[in-house]
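Just so it is clear: chains get the letters A, B, ... in the order the sequence lines come, proteins before strands, and each one is counted from 1.
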Protein chains: 4
Amino acid sequence: MGRHFLQIPGPTDVPDRVLRAIARPTIDHRGPAFARLAGEVLERLQAVFRTRHPVIVYPSSGTGAWEAALVNTLSPGDRVLAFETGHFSALWCAMAARLGLVVDLVPGDWRHGADPGAIAERLTAAHAAVMVVHNETSTGVRSRIPEIRAAVDRTGHSPLLLVDTISSLGSMDYRHDEWGVDVSVGCSQKGLMLPPGIGLNAVSPKALAHRGRLPRSYWDWEPVIAANRDGFFPYTPPTNLLYGLRESLVMLLEEEGLSEVFRRHDRHAEATRRAVRAWGLEVVCADEREHSSSLTAVLTPDGHDADAVRRLVLERYDMSLGTGLGRLAGRAFRIGHLGHFNDLTLAGTLSGVEMGLRAAGVPIEEVGVRAALARLEESA
Amino acid sequence: MGRHFLQIPGPTDVPDRVLRAIARPTIDHRGPAFARLAGEVLERLQAVFRTRHPVIVYPSSGTGAWEAALVNTLSPGDRVLAFETGHFSALWCAMAARLGLVVDLVPGDWRHGADPGAIAERLTAAHAAVMVVHNETSTGVRSRIPEIRAAVDRTGHSPLLLVDTISSLGSMDYRHDEWGVDVSVGCSQKGLMLPPGIGLNAVSPKALAHRGRLPRSYWDWEPVIAANRDGFFPYTPPTNLLYGLRESLVMLLEEEGLSEVFRRHDRHAEATRRAVRAWGLEVVCADEREHSSSLTAVLTPDGHDADAVRRLVLERYDMSLGTGLGRLAGRAFRIGHLGHFNDLTLAGTLSGVEMGLRAAGVPIEEVGVRAALARLEESA
Amino acid sequence: MGRHFLQIPGPTDVPDRVLRAIARPTIDHRGPAFARLAGEVLERLQAVFRTRHPVIVYPSSGTGAWEAALVNTLSPGDRVLAFETGHFSALWCAMAARLGLVVDLVPGDWRHGADPGAIAERLTAAHAAVMVVHNETSTGVRSRIPEIRAAVDRTGHSPLLLVDTISSLGSMDYRHDEWGVDVSVGCSQKGLMLPPGIGLNAVSPKALAHRGRLPRSYWDWEPVIAANRDGFFPYTPPTNLLYGLRESLVMLLEEEGLSEVFRRHDRHAEATRRAVRAWGLEVVCADEREHSSSLTAVLTPDGHDADAVRRLVLERYDMSLGTGLGRLAGRAFRIGHLGHFNDLTLAGTLSGVEMGLRAAGVPIEEVGVRAALARLEESA
Amino acid sequence: MGRHFLQIPGPTDVPDRVLRAIARPTIDHRGPAFARLAGEVLERLQAVFRTRHPVIVYPSSGTGAWEAALVNTLSPGDRVLAFETGHFSALWCAMAARLGLVVDLVPGDWRHGADPGAIAERLTAAHAAVMVVHNETSTGVRSRIPEIRAAVDRTGHSPLLLVDTISSLGSMDYRHDEWGVDVSVGCSQKGLMLPPGIGLNAVSPKALAHRGRLPRSYWDWEPVIAANRDGFFPYTPPTNLLYGLRESLVMLLEEEGLSEVFRRHDRHAEATRRAVRAWGLEVVCADEREHSSSLTAVLTPDGHDADAVRRLVLERYDMSLGTGLGRLAGRAFRIGHLGHFNDLTLAGTLSGVEMGLRAAGVPIEEVGVRAALARLEESA
């Protein structure tokens, strides 16, 4: 009884008004009402990515949008430079390899973001693209894209810059045009507060000009951009999710405003870290400049299984937390604090974690929730 | 952004599945599908009231069900014995007077329930009925109905016993038949987790036999009971709310089970009182035997306006608390912890109150939320 | 499979957007967001009744609003003049009698509206009120209120004029102020396209000044009008139905516009009568000036059970039609063509009736649907 | 006002209960509740395709499922035999060519299905696959898959048989296993009565064994099948659409039953053709054995623009019809009569077409709707 707390770092809790929007009857995707809907969504998506250039909407998961970024721009055998920042960066690299690309991987310890310093050492004229995950959903570490952009520029090479914004878009400051990103990859079920089912590519003019030779049809940007001019799609678009997307974009852009959205996420992330530290635990992210504002990954002490904590929290307190992925399996859990979220939901979330940790026998100080509330009060 | 915390003592948060049930298309209220729906609802309503006798469903507010209890059983000029337990008992008495009844009022201090001891002193053969509010929504004080029943019986008189269960039904132990209640008055928007719009009367055979002469038509039990035998109503029934009621009754009776529902409410009420005491504040209810399990009314210290606290909590933390009513105006606020509610929602609620109290300058100890969590952990 | 056709004359098909509005979370009925909602609804209700005076919203069925009209204005033993126009006029009279009023009934044949000519003969200074049903839902006959008003005025007496607009409000031209009506009685589930659960009274200054002595509390206008001034209610209002009412009033008043709404209903009613006549059947209404625009009652030939037709239509074509009530039981069925309804829904409806009539062995000409389409085409 | 008639051949009208299912809160796609949901959907999808082998669910449009069928089974430069049956077969061939396959196209006149006789003439050992559209959505022509299967078998060659069932799945008889199909391609927004957003592949053991070398990652069947064993997905699945899919599969398989679903569609298609012929117009499909049961494409006489008819029908009667595509542009319109559809909806639909044709000045006989009703009555 009572609401489930869905505190994984995505899918996030969908606002009930977005769910009701999605429940509107499907309409003719070749008719005038659809064209208006598409226009309203596409224009607002540009505002979320902070771009004046096209944003492509796919009926797909976020991984589909990863694939789209690669197959539109690269050719078989192309070499790309990538960073091992966590589980999702590894999956994207594996996808690139499967599609016939050669991946040069800058290794990492999963506690730091992509190292701008490695660019100078590793990037060569042979690299067609640099792939970076802006906010690593498996670790809660944010990579510093503007510094990476600057480092690339300093090399004098001109690879495409492909950035995964899956768990930062609409939650953390992100600027496609200003930061010189060529393809930004996003999806619906994180900061955009929608169910899964939409993948996104924001595309720079340079990326559009630089079409690769990997085979593509479904993911091909060109027919989408052409059809979008009139508000239509070359495939049957996910109409009902677009109803929801219009609603959530209005909430983010026009009602709360993006800067306030970011401020809210920053504040909740800080309060969460206060709680973690007050418990005497450690967050995964090891660099103060690189904390994610949409999720916090927490290390459990040696000998304490993070998944046991998660199971207890789910059974006793009806809250879903994110599991540790890859090399963090069993060693960390993740708290999602993004999307449709506020102070009291954070208080409930951290209370559940605190009770779950104690129930699982993890030795903690008791002042975690109190420390978080104190942080919230500083800036109420 | 994020969900509003609706922590008034009713209307309570309606579960999303109940809202979806209510959104089903309206059907013909004279057709076979409706008759099945009505049958399923009426049978389960008996289980909630713990009665084998008829339960009447009105399209009305709870006050309508108050009126129905009076006009079906009493005659102009009838004398009734009532107890001043708080704002709502006073309103019910005022209604009785407006309808032409003579109310003998046992005065009270709004911090205790109806006094069983007063029955022996005050009840006479001239009293046609005794009116008691089981759970005074304005004070969070529960009257001890079985003791009142016993006290009535000891007098040898046989007035009807009319009990308001508006904010206890489906949240706190209540037994229409076993406790010898003649008319129990309930409604939809509290423990039954529905929007407002349904009033309820559970009716004993004695009440049915004892028809008063107050004029009545809409509220008349007889045509309803007659039509209900086939699953129909003499007026157009509130079909969509009945869809929701079926859903919420399944949740309470078949999924969670009433005894677990009561245990949950008792536990959250205790945790709330722990927080209040840890803050160094006082609850309105002054008798340990009489604490409500569905809401807690909290006194603010002299010089601290309870409504100022409520306003701050609404503005800063997007939570609605109940206002002080009548003689408690400005001196108390009320925390609803009933219905679709769980541990983490309680933690969020108490966190909001704690932050709001401090923001309003009410001197409190800081350990309130922590004390509540400790109580939750004892019985997780 | 496919949608049920709910073609009873109320409850009517609720638009899906109204259902979604009703499914919004319930809010605090004492908070600022509620006050805004109430203000928006109350203002638009005045526009629907065409009145500048108060409209009272009850959590009730339409019969509750009948009772409210009587108990607010009349005193025990008061004499009222009423017209036997059909089943519902009879029920309202029976209610008046139960409440202690003396009803003088002008008899009728259920095929004509209230006879303005009878006023001169029957109305005396002793009559405190005249009760008329504007659109008799059991017969599809509309009474001519302006002519009744004029006839009353010609007598020189000044009874209150109480009018039931239950199945005409929001579907057929109705003017509370201009026609000099004192209390207009309406409800939610007909032309207002909502589920059942709201009863309405529009109240003239004369009615407000003329308070009767029948006992009343729930139905008392005065505390409602007082509380409504700030956007609140003296009882817990049916918040979720009010969400829906706001939506449907926007659809009627601002999107389609009342005059277009009436034109649409007139046109569908005419097309329906064309079909009935083309089948060689007879409508109940016997006066061309008095056809209802919201429903059509159809007589079946002698020896043909109207309910057998209805059952076949329900079983084979998944459409609910209205049954014959009272003295029309078995002799007539009723087609609702009001509310959320359009040309193609009418075509489906009449097709279902045509197939059902033939399936039931009722001898008909085949051109019914075709005749209706021809009528629709004349004014597409 | 009134419901829009969405009579394009997909997206089809989504039942309101499916829309409500989709509006349930999104859950953790790695948790136990999700695994149960996935299991229930995947098992029922096998029943719809009539296969014991895996069915793959993609967050994608139907065109995504086309691409998946190709990239999983074929290698760059592979030769495939395909049939020009209409606009969608042409699009699928164009996709194959873009992906680097060589398409041998059997030409067609868009009024017949794929010719089984052409197989003997054209199929060679060099063909890796045969591509057929079961029900050409642009023409309303059904190809005879069992005869094509038999013709392939008679050649002694063993190409994969890839079949598009996009507008027939769940509406017309289709048997993946029995007919020896290797990959069946389907999607959500037609007979499955869902919004767009899910693409489907049913996959034979032969197809699974025969993995091609086209690059693939998102579309790769293997990780999906592996993860599905435990009820999970290698990408974030479209949870909310899966809620809806579970609901619609229950409606099709368990409530109505597939054979009754097919009978219903056959009957509505026949009634539609009766109307078309009674109007004196011609359907596109020229072979009595090949009529689609899910849509009917109607030719307008020379000099009458089919799109002008569609525009009038949309403006005057609020119904969307399908446009003529490719070489049928302006010469034909398409009536969708699939999915959540019944007799009275068909009557409304054909009435709208009849009125629209006349409004557009297309010379027609008047008896169209009447002829359709007569057909419905024969088998009510």
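By a heavy-atom distance cut of under 4.5 Å, A:Q189, A:P195, A:P196 are the residues of residues 187-196 of chain A near chain D, going up by number. For residues 13-21 of chain D, a heavy-atom distance under 4.5 Å to chain A picks out D:V14, D:L19, given by residue number.
Atom-to-atom distance recorded for A:E67:CD and D:R216:CZ is 11.0 Å, nearest 0.5 angstrom.
Residue D:R98 comes nearest to A:P215 through the heavy atom pair O-CB, 4.5 Å, listed as atom of the first residue, atom of the second, then distance.
Side chains of A:I22 and D:N240 form no contact here, defined as non-hydrogen atoms less than 4.5 Å apart. Residues D:R30 and A:L325 form a side-chain contact, since some pair of their non-hydrogen atoms from C-beta on lies under 4.5 Å apart. At a threshold of 4.5 Å between non-hydrogen side-chain atoms, the residues A:S60 and D:S60 do not count as touching. Using a 4.5 Å heavy-atom cutoff, the side chains of D:Y218 and A:W219 are in contact.
Looking at A:I8, the atoms closer than 4.5 Å to chain D (heavy atoms on both sides) all sit in the side chain, from C-beta outward. Looking at D:I27, the atoms closer than 4.5 Å to chain A (heavy atoms on both sides) all sit in the backbone: N, CA, C or O. Interface remark: D:P76 contributes no atoms to any contact with chain A (heavy atom separation under 4.5 Å). Looking at D:L6, the atoms closer than 4.5 Å to chain A (heavy atoms on both sides) all sit in the side chain, from C-beta outward.
Taking chain A as the reference chain and counting heavy-atom pairs below 4.5 Å, the highest number among D:P238, D:S61, D:P11 is found for D:S61.
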